[in-house]
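The structure under discussion appears below in the form of structure tokens.
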Amino acid sequence: MTSYCVIGAGAAGLSALNVLTERGYQVDCYEKSDRVGGHWNTDYDALHLITSRDMTHFEGFPMPAEYPHFPRRDQIRDYIASYARARGHDKRISFDTEVLSVTPVDTDGPTGSAGWNVTTTSGAGTYDGVLIANGHLWDPKVPDVPGTFAGKQIHSGSYRNVGDIEGNRVLVVGAGNSGCDLAVDVAQHRLEADIVVRHGSYFQPKMYFGRPRQELPFMAEFSPSEQDLIARLLARVSIGENADYPGLPVPKHRTLADGATVVNDLLLYWIHHGRVGVVGHDISRFDGNTVHFADGTAREYDTILWATGFHPSVPFVDDALIARRNQRPLRYAGGIIPQGLEKLYYIGMAAPRGPQIPVYGRQSEIAERMITLHEQAGPGGADVAAYVARLQEAEDRIDIPRDIWNDQIADTERLLDAYAATVGDAARIGK
């Protein structure tokens, strides 16, 4: 009997485990930590969903009605754990088990077509397919800055709350959603924060007309480009424009979809209240507690909070097997298929803008369709990855506009339908 491996028991891994077990597959799931939930167990205390409760849940398992519109980190942690218990997945997971290596079984065919060898801290096994759900928010990315900083440095992945901070002069580097959250956390605790914002981003409130922005019914009547325009106009009326806030760079991109978008209006509040200052230049060097900036200015800080993102790492797969562009894995099929590898699937190696948990379920369902095609074709598999790669452009983005990702998923479904209809159960592409 064929068996499959799921790596990771966060929301993505649980989604994959749920789809495969519901459809009768034999599955082993390995989790490095002692619990489900992934980064929701360790993220900073001030973290809340930026998408609404009723749009961000596992299929058929809504969040508790008593949760607020935008649940906090520990509520999401508890929700994920309750899902695992309700579906019995907590009994299926091998906890405290790290995956050390995933290597293709030797074959004359395409890489991975004969399956994958998985070695963990508790043993080894061979699987007909592997679903990688180890997350992309755990390997910190910190710039290399000349000189030495004498104060404390903390990456957003390790920051918990202001108790981690030394002194009261804080520099936040990075102005994505996490960086803005950290600057707000500092400001709300009456410390002094500066935030490095080198490029203009559009800011979007979480709510319009007292309702979560994803739940405005009239927006569904418009196309994605029209929704983009309406959202920008609503934000202009609600919070103004970047030029209204001292030092905040104006976006160079015309639409939300064309560049960075931040769902946070509290940062703007604290800029106007003087608790957060904006630095619009790169850091050029450190000298003790002095941070020098590219425009020639310098300021003193006690703590630096790095909100500079993460490397999308897959440490247990040989780097030589993973094609990359811009240091990110190249993928097809809405982020599911690694370039050049059969029977290996990424679940969660893409973050389409909007609710994330439903993304994992959708990716898992498509991966299961590919697994079915491989099984129907026999031991050598069906060359699904090669087939899709011939007909789609490789994608390296993690952050991707939702409508573009939706189009990629729809195109993948169409290609899989065509494959099943024209090639037949036992045929293989290219033969």
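Residues satisfying the salt bridge (Lys or Arg N to Asp or Glu O under 4.0 Å) criterion with Arg362, sequence neighbours excluded, are Glu365, Glu413. Partners of Asp396 under the salt bridge (Lys or Arg N to Asp or Glu O under 4.0 Å) rule, at least two apart in sequence or in another chain, are Arg325, Arg328.
Side chains of Asn18 and His89: a donor on one and an acceptor on the other come within 3.5 Å. Using modelled atom types, one finds no donor on one side chain facing an acceptor on the other under 3.5 Å when comparing Thr290 with Asp287. Asp185 and Tyr44 share no side-chain donor-acceptor pair at under 3.5 Å. Residues Asp295 and Thr297 have side chains that bring a donor and an acceptor to within less than 3.5 angstrom of each other. Side-chain atoms of Ser15 and Ser364 include no donor-acceptor pair closer than 3.5 Å. Using modelled atom types, one finds no donor on one side chain facing an acceptor on the other under 3.5 Å when comparing Gln408 with Gln392. For the residue pair Asp43 / Tyr159, no side-chain donor-acceptor distance below 3.5 Å is found, with atom types taken as modelled.
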Take Ser101 and Thr103 through the side chain to side chain donor-acceptor pair (under 3.5 Å) test and state the conclusion after the steps. CA-CA 6 Å; Ser101 68; Thr103 59; 5.3 Å; no
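Taking the six-membered ring for Trp, His272 and Tyr245 have ring centres closer than 6.0 Å. A ring-centre distance under 6.0 Å is found for Tyr25 and Tyr4. Between Tyr79 and Phe58, the gap from one ring centroid to the other is short of 6.0 Å. Ring-centre distance between Tyr269 and His273: below the 6.0 Å cut-off.
Between Asp282 and Arg198 there is a salt bridge, since a side-chain N of the basic residue sits under 4.0 Å from a carboxylate O of the acidic one. Salt-bridge check for Asp417 with Arg369: passed, with a basic side-chain N closer than 4.0 Å to an acidic carboxylate O.
A donor-acceptor contact shorter than 3.5 Å is absent between the side chain of Thr97 and the backbone of Tyr30. Not a single donor-acceptor pair under 3.5 Å links the side chain of Ser201 to the backbone N or O of Val262.
Contact annotation: the side chain of His57 never approaches that of Ile357 to less than 4.5 Å [non-hydrogen atoms, C-beta and beyond].
The heavy-atom pair separating Met370 from Ile337 by the smallest distance is CE-CD1, 3.5 Å.
Each of Asn289, Val172, Val291 was scored for a side chain to side chain contact (heavy atoms under 4.5 Å, CB included) with Ile304, with one residue passing: Val291.
Sorted by first and then second residue, the salt bridge (Lys or Arg N to Asp or Glu O under 4.0 Å) pairs with a member in residues 209-230 read Asp228-Arg232; sequence neighbours excluded.
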